[in-house]
Amino acid sequence: MDTASRSGAARGRKVVWVTGGGSGTGRAVALAAAAAGWDAAVSGRRAAALEETAAAVADRGGAALALPLDVQDGAAVAAARTAVLERFGRLDALVLAAGLNTPRRRWDDQEMATFRDVVATNLTGPASVVDAALPELRSSGGVVVVISSYSGWAFSPGAGVAYSASKTALGSLVRTLNDQEGRHGVRACHLCPGDIATDFLDQRPEVPDAAARASMLTADDVARTVQFVLDSPPHVRVDELVVSPVRR
C-alpha cells in the first residue's frame, strides 16, 4: 500500500468502487463521495475519461484509482477488485452505474446479439462485481447501490425489451443480496431514477433536445441520493428508492 493509501486509511476514509465512473451519473457519484470524505476507485471502458474523473476526485480531497474495465469481462472484474485492495486496503461500498441500451430496442427491430450485450452489461456485470467484492463487503458491513432505472420499478414502454428486462431483474438481485447477506451487515439498494440528462440519452431512437433535458434529473441529483444511502448508519438499509423529475 502506498503512502497516500496508508494516510487515507489512517484518516478512516471509506472506499467506494464506482462502475461506469468515467462520465454521467457514475462520475457525479465519485465526485460526491470524495466531497463527503470518501476515496474512490472508478472503472469503465474509457481510460481517458476515468483519469479525468480520478483527477477531479483528487481535487476534492479524495484518493482515487482509475481502472479501465468492461464489466462483461469476469477476469478483469476480479483483477480490478485486487487492484482496489492493493491501493486502498479496504472496500466499503459499490455503486454500480455502468449501463447500456440501444436505439434498436423493440421486438420488431432488435438484434439478439445486442440484446445479450445489454443484459450482460446491465445485469450480469453488476452480479460479477458484487460477487468479486463480497468478501470485503462482508468484512466492512458494506453498502451496494445498484443504479437501475424507473423502468426497473414500473413498466416503461419506450425503454426497450432488453433494457427493461435487465433493469427489472436488478430488483431481484438486490433482494437476494439483502436476504442472504444481511446477517453479515451487507446492505443493498435498488435505486430507480427517472430520466437523467446525460449522454446516455444519445442511445434513444429519438434523442431528446435541450428543452426536454432541462426538465429531467441531473447526474448530481442522483449522486446526492446515492450519498444519502452510502452515509446511512449501519443499522439502516434503504431497500429501494425511486427518484423522478417533477415533469415526466
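Just so you know, these numbers come straight off a predicted model, no measurement behind them.
- Counting all heavy atoms, side chain and backbone alike, Arg81 lies closest to Ala132 at NE-O, 3.4 Å.
- Interatomic distance, CE of Met112 versus CG of Asp117, reported as 12.0 Å (0.5 Å rounding).
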What verdict does the side-chain contact (heavy atoms from CB on, under 4.5 Å) test give for Thr121 and Arg45, after you've listed the backbone C-alpha separation in whole Å, the side-chain angles of each residue and the deciding distance to 0.1 Å? CA-CA 11 Å; Thr121 298; Arg45 297 183 181 183; 3.5 Å; yes
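- Using a 4.0 Å cut-off between charged side-chain N and carboxylate O, Asp209 and Arg204 make no salt bridge.
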Using side-chain contact (heavy atoms from CB on, under 4.5 Å), reason through Gln203 and Leu100 one step at a time and then give a plain yes or no. CA-CA 8 Å; Gln203 300 179 35; Leu100 181 66; 4.0 Å; yes
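- Atom-to-atom distance recorded for Ser148:OG and Leu241:CG is 12.0 Å, nearest 0.5 angstrom.
- Side-chain contact check for Leu67 versus Leu50: every heavy-atom pair is 4.5 Å or farther apart.
- To the nearest 0.5 Å, the span separating CG on Leu230 from CZ on Arg187 amounts to 9.0 Å.
- Here the side chains of Glu86 and Thr82 are in contact, with some heavy-atom distance below 4.5 Å.
- For the atom pair CG (Leu137) and CZ (Arg90), the distance works out to 12.0 Å, reported to the nearest 0.5 Å.
- Leu134 is listed as a side-chain neighbour of Arg138, based on a closest heavy-atom distance under 4.5 Å.
- The CG atom of Asp109 sits 10.0 Å away from atom OG1 of Thr114, with the distance rounded to the nearest 0.5 Å.
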Run the side-chain contact (heavy atoms from CB on, under 4.5 Å) test on Val238 and Ser232 for me, step by step, so that the C-alpha distance in whole Å, both residues' side-chain angles and the decisive distance to 0.1 Å come before the verdict. CA-CA 8 Å; Val238 183; Ser232 294; 4.2 Å; yes
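- Counting all heavy atoms, side chain and backbone alike, Leu91 lies closest to Ala133 at CD2-CB, 3.6 Å.
- Counting heavy atoms from C-beta on, the side chains of Val71 and Ser128 never come closer than 4.5 Å.
- More than 12 heavy atoms of other shown residues, nucleotides or ligands fall within 6.0 angstrom of atom CZ in Arg104.
- In this structure, Arg105 and Pro205 have side chains that are in contact, with non-hydrogen atoms separated by less than 4.5 Å.
- Considering every non-hydrogen atom in both Ala54 and Ala64, the closest pair reads O-CB, 3.5 Å.
- The CG atom of Asp221 sits 9.5 Å away from atom OG1 of Thr25, with the distance rounded to the nearest 0.5 Å.
- Looking only at side-chain heavy atoms (C-beta outward), Arg60 and Leu31 come within less than 4.5 Å of each other.
- In this structure, Val236 is a member of the same hydrophobic cluster as Leu191, with clusters built from ILVMFWY side-chain heavy atoms closer than 4.5 Å.
- When atom types are taken as modelled, the side chain of Asn122 and the backbone of Lys167 share no donor-acceptor pair closer than 3.5 angstrom.
- Nearest approach of Ala28 to Asp220, heavy atoms of both residues: CB-OD1, 3.6 Å.
- When hydrophobic clusters are built by joining Ile, Leu, Val, Met, Phe, Trp and Tyr residues whose side-chain heavy atoms come closer than 4.5 Å, directly or via intermediates, Val226 is not grouped with Leu170.
- Contact check for Phe88 versus Arg13: no side-chain heavy atoms found under the 4.5 Å cut-off.
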What do the steps show when you test Thr176 against Asp179 for side chain to side chain donor-acceptor pair (under 3.5 Å), and what is the final call? CA-CA 5 Å; Thr176 58; Asp179 179 69; over 6 Å; no
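- Looking only at side-chain heavy atoms (C-beta outward), Trp38 and Asp231 come within less than 4.5 Å of each other.
- When the side chains of ILVMFWY residues are joined at heavy-atom separations under 4.5 Å, either directly or via intervening members, Trp153 and Val246 end up in two distinct hydrophobic clusters.
- Val95 and Val222 fall within a single hydrophobic cluster, where Ile, Leu, Val, Met, Phe, Trp and Tyr side chains are chained together by heavy-atom contacts under 4.5 Å.
- Residues Leu217 and Pro193 share a closest heavy-atom pair of CD1-CB, 4.1 Å.
- Each of Leu69, Asp70, Thr19 was checked for a side-chain contact (heavy atoms from CB on, under 4.5 Å) with Val77, and the lone residue meeting it is Leu69.
- Shortest non-hydrogen contact noted between Thr53 and Val42 is CG2-CG1, 4.0 Å.
- Linking ILVMFWY side-chain heavy atoms closer than 4.5 Å, directly or via other members, places Ile196 and Tyr163 in two distinct hydrophobic clusters.
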